[in-house]
Amino acid sequence: MIQLLTVVSRREIAKGATELICRRPDATAIEPGRFMHLRVGPLLRRPISIANVEGDLITFLFKEIGQGTKELARLRAGDQIDALGPLGNGFPVEHVAREAKIVLVGGGIGVPPLYYTMRRLVERGIACEAILGFDTADSVFYEAEFRKLGPTTVTTVDGTAGIAGFVTAALDSSRFDTLFACGPEPMLRSIQQVPVEHKFLSIENRMGCGIGACFACVCPTPDGHYVKTCSDGPVFRAEEVIL
Ligand code: FES
């Protein structure tokens with residue numbers, strides 16, 4: 001499950017956000033919503049969601065929010081990354097009905113896995129829309145890429161781009177029966193209250209091992225148990241977890 005990825009390109013796509021495209025040793029299909037645990041130091045890995053897969057190329061989009069992601073943002077073409085994965089369970093794109101009315105809602109660094117998810121849905125002939133939330137205009141990324149796939153609305157907290165406010169300000173829940181979301185916990189908590197029949201949330205919990213062994217990523221469930229974000233998720237039905 002550990003593979004060596006080779007960096008093909010790296011570019012800054014927004015303030016403090018990096019796109020890293022790597023070549024992997026094989027070209028097997030990967031379910032959208034899964035992640036890779038990338039080595040960023042002798043003993044340290046960081047879970048990074050998969051933003052796109054095309055053949056043997058895999059794309060990661062991430063924000064520099066700590067030493068680990070700063071290290072990743074410094075990589076150059078030709079560098080190699082030790083990657084564990086793909087890990088976790090992703091969005092059920094192969095199981096949604098073709099006539100489903102789907103909206104994908106991403107907040108900040110929760111946006112990346114939704115790009116690959118939307119791409120795969122569109123490839124299945126399923127029309128869907130995206131709502132992407134950011135803090136400010138200079139933190140917006142991949143808007144054009146999403147627009148190529150379908151109707152896309154951008155929101156910014158300070159109103160400097162798109163609709164002012166949080167993603168929920170742009171969400172007309174009466175138009176959809178299925179919702180895929182990824183983003184910060186307060187956003188996901190709001191999404192849990194949205195009256196859409198089928199809601200799937202990708203949770204961004206802090207992780208340790210990434211493979212279900214350390215319990216660093218547990219999340220409580222309504223029936224008094226816990227699930228592990230890394231191995232039971234990161235995607236759950238909205239009613240399965242307490243955030
Ligand atoms: Fe170790 Fe999930 S990160 S159990």
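Numbering of ligands and ligand atoms starts at 1, following listing order.
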Excluding waters, which protein N, O or S atoms are within less than 2.8 Å of atom 2 (Fe) of ligand 1?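 Cys217 SG, Cys230 SG, with waters left out.
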With a 4.0 Å cut-off on N to O distance, would you call Arg120 and Glu94 a salt bridge?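 Here Arg120 pairs with Glu94 in a salt bridge, since their nearest N and O are under 4.0 Å apart.
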Salt bridge flag under 4.0 Å for residues Asp82 and Arg45: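 So Asp82 pairs with Arg45 through a salt bridge.
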Suppose we screen for ring pair (Phe, Tyr, Trp, His ring centres under 6.0 Å). Which residues come up paired with Tyr142, at least two apart in sequence or across chains?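 Partners of Tyr142 under the ring pair (Phe, Tyr, Trp, His ring centres under 6.0 Å) test: Tyr115.
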Arg34 side chain to Gly88 backbone, donor-acceptor under 3.5 Å: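 Present.
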Just distance, no hydrogens or angles: give the donor-acceptor pairs under 3.5 Å from side chains in residues 211-226, sequence neighbours left out.
residue: Thr221; atom: OG1; partner: Asp223; partner atom: OD1; Å: 2.4
residue: Thr221; atom: OG1; partner: His225; partner atom: N; Å: 3.1
residue: Thr221; atom: OG1; partner: His225; partner atom: O; Å: 3.0
residue: Asp223; atom: OD1; partner: His225; partner atom: N; Å: 3.4
residue: Asp223; atom: OD1; partner: His225; partner atom: ND1; Å: 3.3
residue: His225; atom: ND1; partner: Asp223; partner atom: O; Å: 3.3

Which residues end up grouped with Leu72 if you chain together Ile, Leu, Val, Met, Phe, Trp and Tyr wherever their side-chain heavy atoms are less than 4.5 Å apart?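 Grouped by the 4.5 Å side-chain rule, Leu5, Val7, Leu20, Ile30, Met36, Leu38, Val40, Leu44, Ile48, Ile50, Val53, Ile58, Phe60, Phe62, Leu75, Ile81, Tyr116 form the rest of the cluster around Leu72.
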